Amino acid sequence: MADSKDAHDTIDALLGENRTFAPSEAFRSQAVVSDPGIYETANADIEAFWAEQAKMLDWYKPWDTVLEWDAPFAKWFNGGQLNVSYNCLDRHVLAGRGDRVAYHWEGEPGDQQTITYKQLLDDVCRAANALSELGVKRGDRVAIYMPMIPELPVAMLACTRIGAPHTVVFGGFSSEALSDRINDAQAKVVITADGGFRRGAPSGLKINVDKALETTSTVEHVLVAKRTGQDVAWEEGRDIWWNDLVDKQSTEFEPARMESEDMLYLLYTSGTTAKPKGIVHTTAGYLLGVTATHKWVFDIKDEDVYWAAADIGWVTGHSYIVFAPLANCTTSVIYEGTPDHPNWERWWEIIERYKVTILYCAPTAIRAHMKQGPEYAEKHDLSSLRLLGSVGEPINPEAWMWYHEHIGKGQTPIVDTWWQTETGMIMISPLPGVTTTKPGSATFPLPGIDADVVDSHGDSVPLGQGGYLVIKKPWPAMLRGIYGDPERFKATYWSRYPGLYFPGDGCKRDEDGYYWLLGRVDDVMNVSGHRLSTTEIESALVANDVVAEAAVVGQPDSLTGEAIFAFVILKAGIEATPELGQELRQFVANKIGPIARPKTVMFTPDLPKTRSGKIMRRLLRDIASGRTIGDTTTLADAGIVESIREASLSSKQDD
Ligand code: WTA
């Protein structure tokens, strides 16, 4: 193991994994990508490769240059012109595919809508006309704060049709978060709804907009879709009902001819500590990057019914619910609500009802289903599924196996996709018809992506070791900056290793060169001079049959610098006892070595998570070290920290 006093810091690699899953011949022979030669072709000439791929989009005017790279500022397909909504809608309708279903939409209370490409195009044109009537012009910013209703993708596409960048603010965020984002983006119009349904109850959105607008000065109008029918306050002249304005509009709206590098949207990363960053994505490179990766990674065919069970308010929803699936003329499912409403069968019912073939979701959801047990899924016919995906956090090998066995019935490949709001598109992932997978590994960088794992000096670490992930060459969907703050852009992503993109994630490569993401580098613990990632210890805990989920943090320790503190959620029906805590500590030591033995195991009913399901280890560190709890604004359930403190039972090392 590496010594932290070594001048070239790395991260220890602890966990081994020998199970492998090669693509079946049946899958391989029908796959969109089945030739491993694609990696070599792409990497031999990345620009030529992406230029070839760019034929999958429709252009008003071809580009002059594929890439202009003045690090860290990239221009892709400069000189080209295109429109995103045209690529997502018009071209399919013109090709006679207007009757294809774009979205099977299902509301939480059970209401359903089937929306074809032609209907979606009509709706988008109406909404674009409505926004124009409200004074929205090319280049103006529009804030969108909505539940997962059909008007949300319609609003986003209408903005792209006009050429007005949108900034979608997740509907679970507070009025302050909304106001900060409106101010930073200087938004002219806000699109919202009266409210949305969450776990059976209507929750207000318009009320938060009203509050947010007390501290903003740029918003001229608020367009309000009706979802829950709850009472809302109304400011005449400023507020307009969606139905009153949009329904009467024409279904013709000429798409704006956008330049490749025109801003497409801003998306604020929730930022657990600092001021949120407005990540800038532009038009051509982004659309190409997401469309190509969607097709390859999810093996998209005309017959597929694809469901990304994420929220459109996050980048996963932007890239892989809205833009890429529509550009690929895919039939998708959108579900408004939570997986446990009215009970834990909901997801499996949806898969059975729409005969979903591809499911893409987060490890946190998989672990939540694991905690409940496989009985819920077993009651439903999931035989339509042919491919499963995972995104958002490292997926523990045992969660991967559970997904494989209980949802994929041991048959369907799993694609564990690593990427970020900043990367715009999937960067590290298996190609399901090519790659032999290992549970818990995102496997390899996609064709055209040049990545490496380096030590603190930026030197590549040998296979078998851990370090810091970097991306060495530009890619089409990369962020173009932080809105209005080029210095912060350089400092955050490009200064640690000059010329290399630094995503902030730890990573190891095993002897076969597979990439294993190790979590955020801020979460790396230093225990007796060993730099340990939280991920591998969590995965070791989840490998025990009684554990559904685990979160590990470092706790200040006078002897070892930091000591390992593990929060553990047990599966339904398992009793938390001090003996079990001791057993789990020993289990980790046996599995990955005594250095990784948690000093403390604390059983807890739940964990603090962001709204997108990421564990907030920062708050857990506060609990573990007895500090006052820091900023909880991005927490999904604010009461959780207190309930952990009260309900927890911990087992400590006897020393
Ligand atoms: C983490 C979500 C391991 C990672 C698309 C990254 C992952 C951050 C994976 C970005 C994965 C995402 N394996 N870790 N497959 N996918 N992450 O911006 O730490 O919400 O930097 O984008 O999530 O989160 P974001």
Side-chain angles (χ1 to χ4, degrees), residues 11 15 168 170 172-173 266-272 276-279 281 286 289-290 293-294 297 308-321 323-324 360-367 388-397 399-400 403 414-430 437-446 449 451 453 466 468-471 477-479 482 492-493 501-508 514-524 533-536 538-539 551 609-618 634 636:
I11 300 176
L15 205 59
V168 179
F170 173 61
F173 275 152
L266 273 172
L267 183 59
Y268 289 82
T269 55
S270 44
T272 44
K277 303 184 282 262
I279 302 301
H281 283 295
Y286 172 81
V290 300
T293 50
H294 181 249
V297 171
D311 196 286
I312 292 176
W314 310 118
V315 74
T316 304
H318 282 59
S319 296
Y320 297 108
I321 298 178
F323 296 117
Y360 188 34
C361 68
T364 185
I366 299 165
R367 291 187 303 251
L388 302 174
S390 164
V391 60
E393 279 189 304
I395 177 165
N396 320 102
W400 195 104
Y403 199 26
I414 296 181
V415 287
D416 172 13
T417 64
W418 177 88
W419 59 294
Q420 305 179 295
T421 303
E422 293 87 340
T423 68
M425 66 191 226
I426 297 171
M427 303 289 279
I428 304 181
S429 166
T437 53
K438 298 187 186 185
S441 168
T443 73
F444 304 106
L446 286 178
I449 301 304
V453 178
Y468 308 95
L469 181 66
V470 292
I471 313 290
M478 67 194 286
L479 76 167
I482 294 176
T492 310
Y493 303 108
Y501 174 75
F502 175 58
D505 280 12
C507 188
K508 78 173 182 197
Y514 281 68
Y515 285 65
W516 298 77
L517 277 303
L518 297 178
R520 304 294 296 165
V521 298
D522 300 342
D523 294 330
V524 168
S533 88
T534 56
T535 304
E536 293 192 299
E538 289 162 4
S539 289
K609 291 186 185 161
T610 65
R611 291 287 196 155
S612 64
K614 291 191 213 300
I615 296 169
M616 291 179 78
R617 292 186 186 71
R618 176 174 61 78
T634 52

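None of the values given here were measured: they were computed from a predicted structure. Order of appearance sets the numbers: ligands from 1, and atoms from 1 within every ligand.
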- Message: Under a 4.0 angstrom heavy-atom cut-off, which atoms of ligand 1 come close to V315?
- Response: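 Reading through ligand 1 atom by atom, the close ones are 5 (C), 22 (O).
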- Message: With heavy-atom distances below 4.0 Å as the criterion, list the atoms of ligand 1 near T417.
- Response: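 Answer, ordered by atom number: 9 (C), 11 (C), 15 (N), 16 (N).
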Tell me, which protein residue and heavy-atom name are nearest [atom], and how many Å apart are they?
atom: atom 10 (C) of ligand 1; answer: W419 O, 3.6 Å
atom: atom 4 (C) of ligand 1; answer: D505 OD2, 2.8 Å
atom: atom 8 (C) of ligand 1; answer: K614 NZ, 3.9 Å

For [atom], state which one of [options] supplies the nearest heavy atom.
atom: atom 14 (N) of ligand 1; options: P394, S441, G506; answer: P394
atom: atom 16 (N) of ligand 1; options: S319, G389, G392; answer: G392
atom: atom 9 (C) of ligand 1; options: Y320, W314, W418, Y515; answer: W418
atom: atom 21 (O) of ligand 1; options: H318, E393, Q420, M427; answer: Q420

Does any part of the side chain of [Y], heavy atoms only, come nearer than 4.5 Å to the side chain of [X], both counted from C-beta?
X: W419; Y: V315; value: yes
X: R367; Y: E393; value: yes
X: L479; Y: Y493; value: yes
X: L517; Y: L469; value: yes

Test item: side-chain donor near acceptor, [X] and [Y], under 3.5 Å:
X: Y501; Y: T423; answer: no
X: K277; Y: T492; answer: no
X: S319; Y: Y286; answer: yes

- Hey, is ligand 1 close enough to T316 that some N/O pair sits below 3.5 Å?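 Between T316 and ligand 1 (N or O atoms, distance only) the closest approach is not under 3.5 Å.
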- Task: Under the side chain to side chain contact (heavy atoms under 4.5 Å, CB included) rule, what do T417 and Y320 come out as? Steps first, then yes or no, please.
- Result: CA-CA 12 Å; T417 64; Y320 297 108; over 6 Å; no
- Counting only heavy atoms, which portion of T421 has something under 4.0 Å from ligand 1: side chain, backbone, both, or neither?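 The part of T421 near ligand 1 is both the backbone and the side chain.
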